[in-house]
Amino acid sequence: MRVKYGLALGLSHNARLFIFDEPTSGLDPVARDDLLDLFLSLIEDGSRSILFSTHITSDLDKCADYVTFIKNGRIVMSDAKDAIIDAHTVVSGGSEMLASLQDKLIGVKSHDFGFKALMKTADVPESLRATAVRPDLEDITVYYNR
């Protein structure tokens, strides 16, 4: 209700910039989806902008154009959402491959069957014999924080 009130207040003053801190936390999935749809309709004509901080990366996947990752008070990266995603690749393979890639990995999860890691797309060797897939923002967030 506070977010709705804030939006109504901002709209009544013809605000051009809305700033929210975790606007969808605590909302059920339907209310969250409705709020994100409202955000998209607010910015549709390009005359308004919304800046919000969140840990719910699926919200960013749905409505963000531009993303800034902050870790320990420092900006890790800031770019168009698609550029950030395109610049990274999730690789997975057997543990024997891990040593040869170690210096290029941003973050890694090792398990009994091998590993899964994030690396810059530009650093993925053409001869890589591992599985490489496009990450989502959650993958990127998790691996940068490992």
Side-chain angles (χ1 to χ4, degrees), residues 2-7 9-10 15-146:
R2 278 188 278 181
V3 172
K4 288 180 182 178
Y5 173 75
L7 281 171
L9 186 62
R16 298 288 177 221
L17 174 64
F18 297 90
I19 301 173
F20 299 105
D21 182 24
E22 300 281 352
T24 63
S25 78
L27 297 178
D28 64 74
V30 173
R32 198 168 94 232
D33 189 60
D34 289 345
L35 182 60
L36 294 174
D37 285 343
L38 176 62
F39 285 176
L40 289 170
S41 69
L42 282 173
I43 63 168
E44 194 169 45
D45 68 0
S47 66
R48 294 186 178 102
S49 296
I50 298 174
L51 171 70
F52 69 90
S53 66
T54 187
H55 291 89
I56 305 171
T57 57
S58 61
D59 290 353
L60 298 173
D61 284 324
K62 181 171 183 176
C63 67
D65 293 323
Y66 199 83
V67 176
T68 298
F69 283 93
I70 300 171
K71 181 179 178 181
N72 298 324
R74 297 198 185 280
I75 294 176
V76 174
M77 71 183 96
S78 188
D79 206 343
K81 176 184 69 178
D82 291 335
I84 288 174
I85 292 171
D86 290 343
H88 294 86
T89 300
V90 173
V91 296
S92 58
S95 53
E96 71 282 353
M97 288 182 233
L98 190 56
S100 66
L101 297 173
Q102 194 70 42
D103 62 328
K104 296 181 190 253
L105 300 179
I106 294 165
V108 63
K109 288 192 245 180
S110 295
H111 48 77
D112 291 342
F113 305 107
F115 74 96
K116 188 174 178 183
L118 182 76
M119 60 191 308
K120 295 278 188 181
T121 301
D123 290 340
V124 177
E126 289 193 28
S127 62
L128 182 69
R129 292 178 296 129
T131 303
V133 296
R134 180 181 164 98
D136 58 20
L137 289 174
E138 185 159 339
D139 290 326
I140 294 168
T141 302
V142 167
Y143 285 107
Y144 266 94
N145 285 296
R146 285 210 170 265

Checklist entry - Do you know the tightest heavy-atom contact between Thr89 and Ala132? => result CG2-CB, 3.7 Å
Checklist outcome for this item: Tightest non-hydrogen contact, residues Ser100 and Met97, listed as OG-O, 2.9 Å
Checklist entry - Are the side chain of Lys81 and the backbone N or O of Ala64 linked by a donor-acceptor pair below 3.5 Å? => result yes
Checklist entry - Are the side chain of Asp28 and the backbone N or O of Val30 linked by a donor-acceptor pair below 3.5 Å? => result yes
Checklist entry - Does Ser58 offer a backbone N or O that forms a donor-acceptor pair with the side chain of Glu138 under 3.5 Å? => result no
Checklist outcome for this item: Rounded to the nearest 0.5 angstrom, the CG-NZ distance for Leu105 and Lys116 is 13.5 Å
Checklist entry - Between atom CD1 of Ile19 and atom CZ of Phe52, what is the distance when rounded to the nearest 0.5 Å? => result 13.0 Å
Item to check | Pair Lys62 + Asp37: basic N to acidic O under 4.0 Å | outcome: yes
Checklist entry - What orientation do Phe20 and Phe18 show, parallel under 30°, tilted 30 to 60°, or perpendicular over 60°? => result parallel
Next on the checklist: Does Thr68 form a side chain to side chain contact (heavy atoms under 4.5 Å, CB included) with Ile75? I'd like the steps, not just the answer.
Outcome noted: CA-CA 7 Å; Thr68 298; Ile75 294 176; 3.9 Å; yes
Checklist entry - If every non-hydrogen atom of Val108 is compared with every non-hydrogen atom of Tyr143, which pair is closest and at what distance? => result N-CD2, 3.9 Å
Next on the checklist: With a sphere of 6.0 Å drawn around CD of Glu44, does it hold more than 12 non-hydrogen atoms of other residues, nucleotides or ligands?
Outcome noted: no
Next on the checklist: Can you tell me how far apart CG (Asp33) and OG1 (Thr24) are? Round to the nearest 0.5 Å.
Outcome noted: 10.5 Å
Next on the checklist: Taking the side chain as everything from C-beta on, heavy atoms only, tell me whether Phe39 gets closer than 4.5 Å to Asp59.
Outcome noted: no
Checklist entry - Rounded to the nearest 0.5 Å, how far apart are CD1 of Ile56 and CG of Leu36? => result 8.5 Å
Item to check | Closest contact, heavy atoms only, Ile106 versus Lys120 | outcome: CD1-N, 3.9 Å
Item to check | His55, NE2 atom: more than 12 neighbouring heavy atoms under 6.0 Å | outcome: no
Item to check | Heavy-atom side-chain proximity of Ser49 to Arg16 below 4.5 angstrom | outcome: no
Item to check | Atom of Ser78, atom of Tyr66 and distance for their closest heavy-atom approach | outcome: OG-CE2, 3.3 Å
Next on the checklist: What's the separation between atom CG in Asp65 and atom CG in Asp79, rounded to the nearest 0.5 Å?
Outcome noted: 12.0 Å
Checklist entry - If every non-hydrogen atom of Pro23 is compared with every non-hydrogen atom of Ser53, which pair is closest and at what distance? => result CD-O, 3.7 Å
Next on the checklist: As an exercise, state the distance from CZ of Phe69 to CD1 of Ile140, rounded to the nearest 0.5 Å.
Outcome noted: 5.5 Å
Checklist entry - Does any non-hydrogen side-chain atom of Ile85 lie less than 4.5 Å from one of Asp136? => result no
Checklist entry - Does the side chain of Ser92 come within less than 4.5 Å of Val133's, by heavy atoms? => result no
Next on the checklist: Tell me whether the rings of Tyr144 and His88 are parallel (<30°), tilted (30 to 60°) or perpendicular (>60°).
Outcome noted: perpendicular
